[in-house]
Amino acid sequence: ARRGRWGVDKPCHARRKCVAGDVIGTAGTETRDRGGAALSDLAVTIEGATTHLDGRVTLGPDFRPQTIDARLVGEISARFLASQAGDAISDAQGRARIKAEIRGRLDNTVLTAWLGIGTITFRLRDTGTEVEVKSGVVELTNAGDTLRNVRVILYDRGTRVRGSAGGGH
């Protein structure tokens, strides 16, 4: 197995089918040793939004991942989120702030994530309805999700419908 430390000297571009534009790695280091691998301040930019990743994976027999301890912080683009929704939405615009952490054994990880939404717009492909998410927070954990002060406006055939979600699941 390779051991050592590697860093990003200059931006690395990659094109992925699941992402509308380039994925650009602009900073960060990778360290490998007998016990696992670590990333430190890996900066990844997708659709103009940059996210930083720090974390470590421990490896067991045959180099199989055993545990993970990772943190993600930064921005995420609405176009990237849309690309993960399959064919359900189109014309996504905007960004959200993201903070996420995953840790534990791979067969029993603990996930916490926070998504702070500014204004994000998109169109539902099936109905053509334009959706505008004005603000709010989405929190995710192993137990489920929580919406806080999420304000949504639907534009459907000239009709404007407003809605909001408070602290419920």
Side-chain angles (χ1 to χ4, degrees), residues 8 11-28 30 39-55 57 65 68-104 106-169:
V8 176
C12 304
H13 293 256
R15 180 141 326 239
R16 304 286 307 188
K17 287 184 180 181
C18 63
V19 179
D22 281 350
V23 176
I24 306 168
T26 56
E30 173 193 8
L39 292 173
S40 178
D41 198 28
L42 177 64
V44 176
T45 301
I46 301 173
E47 298 290 337
T50 301
T51 302
H52 297 266
L53 174 65
D54 290 284
V57 174
I68 188 167
D69 182 6
R71 286 153 306 288
L72 184 101
V73 127
E75 286 188 320
I76 191 164
S77 79
R79 285 184 63 188
F80 173 74
L81 291 172
S83 73
Q84 304 308 300
D87 292 333
I89 63 176
S90 66
D91 305 327
Q93 295 181 10
R95 293 185 185 166
R97 294 176 319 280
I98 186 169
K99 294 179 193 173
E101 187 173 291
I102 185 168
R103 59 176 36 170
L106 290 188
D107 60 358
N108 190 26
T109 57
V110 175
L111 168 72
T112 57
W114 176 93
L115 193 65
I117 302 169
T119 298
I120 291 180
T121 60
F122 58 90
R123 184 171 305 282
L124 299 175
R125 283 195 197 268
D126 287 348
T127 63
T129 302
E130 185 180 332
V131 179
E132 183 177 6
V133 182
K134 297 289 285 180
S135 62
V137 171
V138 178
E139 295 174 341
L140 303 170
T141 66
N142 292 52
D145 58 85
T146 303
L147 302 175
R148 299 192 189 284
N149 302 316
V150 176
R151 292 184 351 160
V152 177
I153 300 173
L154 303 175
Y155 298 94
D156 189 23
R157 296 180 201 94
T159 304
R160 182 174 160 176
V161 180
R162 286 182 169 259
S164 65
H169 290 278

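Keep in mind that the numbers below use all heavy atoms, side chains included, and drop hydrogens, waters and symmetry copies.
Although no hydrogens or angles enter the test, the distance criterion places a donor-acceptor pair under 3.5 Å between the side chain of R125 and the main chain of D87. Side chain of D54 to main chain of D41: a donor-acceptor pair is present (N/O by atom type, distance under 3.5 Å, no hydrogens or angles). Formation of a donor-acceptor pair under 3.5 Å by the R79 side chain with backbone atoms of A92 is not found in this model.
Nearest heavy-atom pair, F122 versus V133, reported as atom, atom and distance to 0.1 Å: CE2-CG2, 4.2 Å. Contact detail for G128 and R123: the closest heavy-atom pair is O-NH1, 2.7 Å. Closest heavy-atom contact between E47 and F80: CG-N, 4.5 Å.
Counting heavy atoms from C-beta on, the side chains of L124 and I89 come closer than 4.5 Å. Residues V131 and V152 have side chains in contact (heavy-atom distance under 4.5 Å, counting atoms from C-beta outward). Using a 4.5 Å heavy-atom cutoff, the side chains of I98 and L72 are in contact.
Once rounded to the nearest 0.5 Å, the distance linking CD of E139 with OG1 of T146 reads 5.5 Å. For the atom pair E101 CD and I68 CD1, the distance stands at 10.5 Å (nearest 0.5 Å). Rounding to the nearest 0.5 Å places CD of E130 at 10.0 Å from CD1 of I153.
Using a 4.0 Å cut-off between charged nitrogen and carboxylate oxygen, E75 and R97 do not count as a salt-bridge pair.
Evaluation of the side chain to side chain donor-acceptor pair (under 3.5 Å) rule for S90 yields no partner, not counting sequence neighbours. In this structure Q93 satisfies the side chain to side chain contact (heavy atoms under 4.5 Å, CB included) test together with T121, sequence neighbours excluded. Applying the side chain to side chain donor-acceptor pair (under 3.5 Å) rule to D69 yields the partners R71, R103; only residues at least two apart in sequence or on another chain are considered. Scanning for side chain to side chain donor-acceptor pair (under 3.5 Å) contacts around T51 gives an empty result, with sequence neighbours left out. Residues satisfying the side chain to side chain contact (heavy atoms under 4.5 Å, CB included) test with I24, not counting sequence neighbours, are P11, H13, D22, T26, T45.
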Identify every side-chain donor-acceptor pair in residues 106-120 under 3.5 Å, counting partners at least two apart or on other chains, and give the distances.
none

Query raised in the report: When you look at V44 and L53, which way does the side-chain contact (heavy atoms from CB on, under 4.5 Å) test go after all the steps?
Result: CA-CA 8 Å; V44 176; L53 174 65; over 6 Å; no
Query raised in the report: After noting the C-alpha distance and the side-chain angles of N149 and V137, does the key distance pass the side-chain contact (heavy atoms from CB on, under 4.5 Å) rule?
Result: CA-CA 7 Å; N149 302 316; V137 171; over 6 Å; no
